[in-house]
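Structure first, then comments.
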Amino acid sequence: LVFPTEEYREQIQEYLQEHFDNEEYILHGDGKLHKIIDIDEWFKVIRNDLSPETVEEGRVPATIFLGIRKSDNRIVGTIQIRHVLNEKLLRRGGHIGDGVRPTERGKGYATEMIRLAIEECKKLNLTRVLMVCYEQNAASRKTILANGGVLENKILAENGKVYERYWIDVI
């Protein structure tokens, strides 16, 4: 896991474009990348997200990482760790949000990124982290369970979908 820097600018844009080319316009664990047209603005947002003093109103302090494959230094995904939860995140967002680029799915990257993110959570003195996925998202459920997730409950969302809420002990 690597904090996004200027070095990865072109790759970040390619990562986002791959999602758009796959007709995916809402990404998870990307720190609002999919909502921001100007990448310089995104770099500013993710730097501001690091501290309670600079985070945008309505957001919580968070750290985003790029999942980088060591063999070729390619971005395979993004993962965001929210340092605290607000009411919205407690119900349907959780501490950790993640996403993997379409061409790299099913290869175990999400499972490994979550494992590494849990290690980062230790540095934040978190003892338990919440992860949430849609009930019909079997791949996300599998990655959460592989990292020790224990289902607490299911919640019906406003959009009619069901969220599954899992807690992971940070040891």
Side-chain angles (χ1 to χ4, degrees), residues 1-49 56 58-60 62-82 85-86 88-117 129-147 149 151 154-166:
L1 300 183
V2 175
F3 188 79
T5 62
E6 191 64 36
E7 169 189 356
Y8 291 99
R9 174 185 288 271
E10 189 173 312
Q11 275 203 64
I12 292 165
Q13 291 170 322
E14 291 170 2
Y15 173 83
L16 181 61
Q17 190 60 50
E18 183 175 320
H19 284 283
F20 290 169
D21 290 348
N22 202 50
E23 297 185 8
E24 297 175 7
Y25 303 104
I26 298 174
L27 281 62
H28 300 281
D30 72 339
K32 281 181 46 172
L33 176 63
H34 67 280
K35 293 181 179 181
I36 298 174
I37 304 298
D38 179 4
I39 194 146
D40 290 317
E41 179 65 23
W42 182 69
F43 280 129
K44 180 181 173 189
V45 167
I46 63 171
R47 282 190 307 271
N48 287 343
D49 279 356
E56 278 180 28
R59 293 173 61 83
V60 298
T63 306
I64 187 165
F65 294 100
L66 305 173
I68 304 292
R69 183 170 47 214
K70 287 183 180 180
S71 64
D72 60 1
N73 203 40
R74 183 172 195 233
I75 297 172
V76 296
T78 58
I79 194 158
Q80 184 181 48
I81 302 168
R82 294 135 194 151
L85 298 179
N86 59 22
K88 176 182 171 185
L89 291 171
L90 185 59
R91 289 184 49 77
R92 58 185 175 112
H95 287 95
I96 300 174
D98 67 290
V100 174
R101 68 187 318 146
T103 57
E104 300 294 348
R105 292 182 183 149
K107 299 177 183 179
Y109 292 120
T111 301
E112 179 63 6
M113 286 171 29
I114 293 167
R115 185 188 72 75
L116 293 170
V129 295
L130 177 66
M131 290 195 71
V132 179
C133 68
Y134 284 125
E135 182 177 51
Q136 74 273 14
N137 191 337
S140 283
R141 178 184 313 107
K142 182 179 173 183
T143 64
I144 294 168
L145 292 171
N147 279 286
L151 181 66
K154 297 181 182 187
I155 296 175
L156 181 63
E158 305 80 38
N159 61 7
K161 293 184 178 182
V162 175
Y163 290 106
E164 295 181 345
R165 299 174 67 253
Y166 293 86

Which pair of non-hydrogen atoms, one from [X] and one from [Y], has the smallest distance, and what is that distance?
X    : Y    : value
A157 : Y163 : CB-CE1, 3.0 Å
Y166 : E164 : OH-OE1, 2.6 Å
M113 : V76  : SD-CG2, 4.4 Å
V162 : K154 : CG1-CB, 3.7 Å
I46  : G31  : CG2-O, 4.2 Å
Q80  : A62  : NE2-CB, 3.7 Å

Close side-chain approach of [X] to [Y], heavy-atom, < 4.5 Å:
X    : Y    : result
N137 : R141 : no
M131 : D98  : yes
I12  : W42  : yes
I144 : I96  : no
R9   : D40  : yes
Q13  : Q17  : no
I64  : I79  : no

To the nearest 0.5 Å, how far apart are [atom1] in [X] and [atom2] in [Y]?
X    : Y    : atom1 : atom2 : answer
R92  : I155 : CZ    : CD1   : 10.0 Å
I114 : T143 : CD1   : OG1   : 3.5 Å
L66  : Y8   : CG    : OH    : 7.0 Å
F65  : I75  : CZ    : CD1   : 14.0 Å

Looking only at atom types and distance, does a side-chain atom of [X] sit under 3.5 Å from a main-chain N or O of [Y], one as donor and one as acceptor?
X    : Y    : result
R165 : L130 : no
T78  : G29  : yes
N22  : E24  : no
E18  : T103 : yes

Legend entry - R59, K44, K32, R82 screened by salt bridge (Lys or Arg N to Asp or Glu O under 4.0 Å) with D49, the one that passes: R59
Inset, instruction - Determine, stepwise, if the pair N73 / E7 fulfils side-chain contact (heavy atoms from CB on, under 4.5 Å). - result: CA-CA 11 Å; N73 203 40; E7 169 189 356; 4.0 Å; yes
Is the count of non-hydrogen atoms from other residues, nucleotides or ligands lying under 6.0 Å from [X] atom [atom1] greater than 12?
X    : atom1 : answer
L156 : CG    : yes
R74  : CZ    : yes
E6   : CD    : yes

Inset, instruction - Indicate whether any N or O donor in one side chain lies under 3.5 Å from an N or O acceptor in the other, for Y109 and R69. - result: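 A pair is found: one side chain offers a donor N or O, the other an acceptor, under 3.5 Å apart.
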Would you mind checking if [Y] and [X] are paired as a salt bridge, meaning a charged N to carboxylate O distance below 4.0 Å?
X   : Y    : result
K35 : E56  : no
D21 : R101 : no
K70 : E112 : no

